[in-house]
Amino acid sequence: MSDCIGLITLDHVTKAYEEGGITRTILRDVSIEFGCGEFVVLLGKSGSGKSTLLNLIGGIDAPTSGDVRIDGCSITRMSDKERTLYRRNHIGFIFQAFNLIPTLSVMENVLLPVELSSNERVQRDGKARARDLLEKVGLRTRLDTFPDRLSGGEQQRVAIARALANDPLVVLADEPTGNLDAETGRVVLNLLDTLTRQAGRNLVMVTHSEEVIGIADRVLRLKDGQLV
Ligand SMILES: Nc1ncnc2c1ncn2[C@@H]1O[C@H](COP(=O)(O)OP(=O)(O)OP(=O)(O)O)[C@@H](O)[C@H]1O
Ligand SMILES: [Mg+2]
């Protein structure tokens, strides 16, 4: 497995929230490994803990107990600062609501993760890489446009380019096609699949679209706090 990078391990992960003196356990003793260069789809009904699971993998949140590791390195045991660096250097996040920065142009949005990365190669090649990604998502002529001038599908394509700009080990996508019409959703999905496959990166995608299942390597379903 020496050439395998971006291996995600969840080891007896439990996540619970306290609410009004009551403990609600969202994820219950989840153990799983996501392989390298794998496209994993995460299904489950609303409130089943899909976003919670992505946030744990992405180091946005920490488990109540258990361990999350990437390439054997525990995210759980990192300090807040280390976890932030981990996120900036190794994770690409695509949010359901795009989350583009409105005051930055298309190009500047995509360059943001490059500037936050401490990887010298990413910084050196960042501009060329950002251009190349924006070309691939069909936005070469829109580099200086601001997000409010773009359609939903175009904004989502910027978000995809941005998520890949720091050459992450793992791309986490939370319902990336949820706000798009079927046709645009298909285009965005194929793009994401192609770009991560070309780079041999992991893609973990939350979706309600049964259509996506057809092109995924593995489909996991969250039910009663467990993956089935
Ligand atoms: N910070 C928090 N504090 C308390 N409860 C939370 C918190 N974050 C999430 N939850 C609860 O955890 C459960 C799972 O939430 P999560 O967002 O992971 O669901 P989901 O599967 O992504 O749902 P959806 O498909 O609607 O996006 C929900 O019941 C939610 O209320
Ligand atoms: Mg969610």
Side-chain angles (χ1 to χ4, degrees), residues 8-34 38-70 75-80 83-84 86-87 91-100 152-153 155-160 162-164 168 170-182 184-186 188-189 192-193 196 202-228:
I8 305 159
T9 312
L10 274 73
D11 197 2
H12 297 287
V13 166
T14 291
K15 180 69 184 176
Y17 292 109
E18 291 290 337
E19 216 173 59
I22 297 166
T23 305
R24 297 181 62 225
T25 304
I26 308 302
L27 300 173
R28 206 178 294 272
D29 198 30
V30 172
S31 291
I32 193 162
E33 216 166 62
F34 298 133
E38 214 180 6
F39 179 4
V40 178
V41 159
L42 194 55
L43 301 175
K45 66 177 202 283
S46 178
S48 59
K50 305 180 297 295
S51 298
T52 302
L53 189 66
L54 283 196
N55 289 344
L56 293 177
I57 297 171
I60 290 177
D61 208 352
T64 309
S65 64
D67 200 12
V68 180
R69 292 189 293 272
I70 184 142
I75 312 175
T76 317
R77 293 204 200 96
M78 291 176 186
S79 65
D80 286 349
R83 199 173 300 123
T84 301
Y86 158 79
R87 247 190 345 256
I91 299 290
F93 226 115
I94 300 166
F95 302 91
Q96 183 173 12
F98 316 149
N99 289 9
L100 298 178
Q155 289 185 50
Q156 192 60 304
R157 284 184 271 153
V158 177
I160 289 175
R162 182 181 60 177
L164 296 167
V170 179
V171 178
L172 303 170
D174 203 345
E175 299 189 37
T177 58
N179 290 317
L180 307 176
D181 64 82
T184 312
R186 220 166 283 135
V188 161
L189 183 71
L192 200 49
D193 182 39
T196 47
N202 270 329
L203 173 59
V204 184
M205 185 185 293
V206 170
T207 181
H208 290 290
S209 154
E210 296 285 336
E211 193 180 340
V212 177
I213 296 169
I215 60 168
D217 298 316
R218 194 146 51 125
V219 178
L220 300 168
R221 203 175 289 267
L222 259 177
K223 194 165 182 280
D224 302 325
Q226 303 209 287
L227 284 170
V228 291

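Every number for a ligand or one of its atoms is a count from 1 in the order of the listing.
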Heavy atom of the protein closest to [atom] (residue, atom name, distance):
atom	answer
atom 1 (N) of ligand 1	Tyr17 CE2, 3.5 Å
atom 29 (O) of ligand 1	Arg24 NH2, 2.9 Å
atom 18 (O) of ligand 1	Thr52 OG1, 2.5 Å
atom 17 (O) of ligand 1	Ser51 CB, 3.7 Å
atom 25 (O) of ligand 1	Lys50 NZ, 2.7 Å

Checklist outcome for this item: At under 4.0 Å between heavy atoms, what of Ile26 touches ligand 1? The answer is side chain
Item to check | Metal site the Mg ion (ligand 2), protein N/O/S atoms found under 2.8 Å | outcome: 1
I'd like to know if the side chain of [X] reaches the main chain of [Y], judged simply by a donor and an acceptor atom lying under 3.5 Å from each other, with no hydrogens or angles considered.
X	Y	result
Arg87	Phe93	no
Asp217	Val40	no
Asn202	Glu38	yes
Thr14	Asp29	yes
Arg83	Gly59	no
Thr9	Glu33	no

Checklist entry - For atom 28 (C) of ligand 1, which candidate among Ser46, Ser48, Ala16, Gly47 provides the closest heavy atom? => result Gly47
Next on the checklist: I'd like to check the side chain to side chain contact (heavy atoms under 4.5 Å, CB included) partners of Ser48; sequence neighbours left out, ordered by chain and number.
Outcome noted: Lys50, Leu222
Next on the checklist: Would you say that Leu53 contacts Val204 through its side chain, given a criterion of any heavy-atom pair below 4.5 Å between the two side chains?
Outcome noted: no
Next on the checklist: Under 4.0 Å, counting heavy atoms only: does Gln96 come that close to any atom of ligand 1?
Outcome noted: no
Item to check | Distance-only polar pair, side chains of Thr207 and Glu175, donor-acceptor under 3.5 Å | outcome: no
Checklist entry - Which is it for Asp224 and Arg28 under the salt bridge (charged side-chain N to carboxylate O under 4.0 Å, His left out) test, yes or no, and what are the steps along the way? => result CA-CA 8 Å; Asp224 302 325; Arg28 206 178 294 272; over 6 Å; no
Item to check | Gly49 N/O under 3.5 Å from ligand 1 N/O | outcome: yes
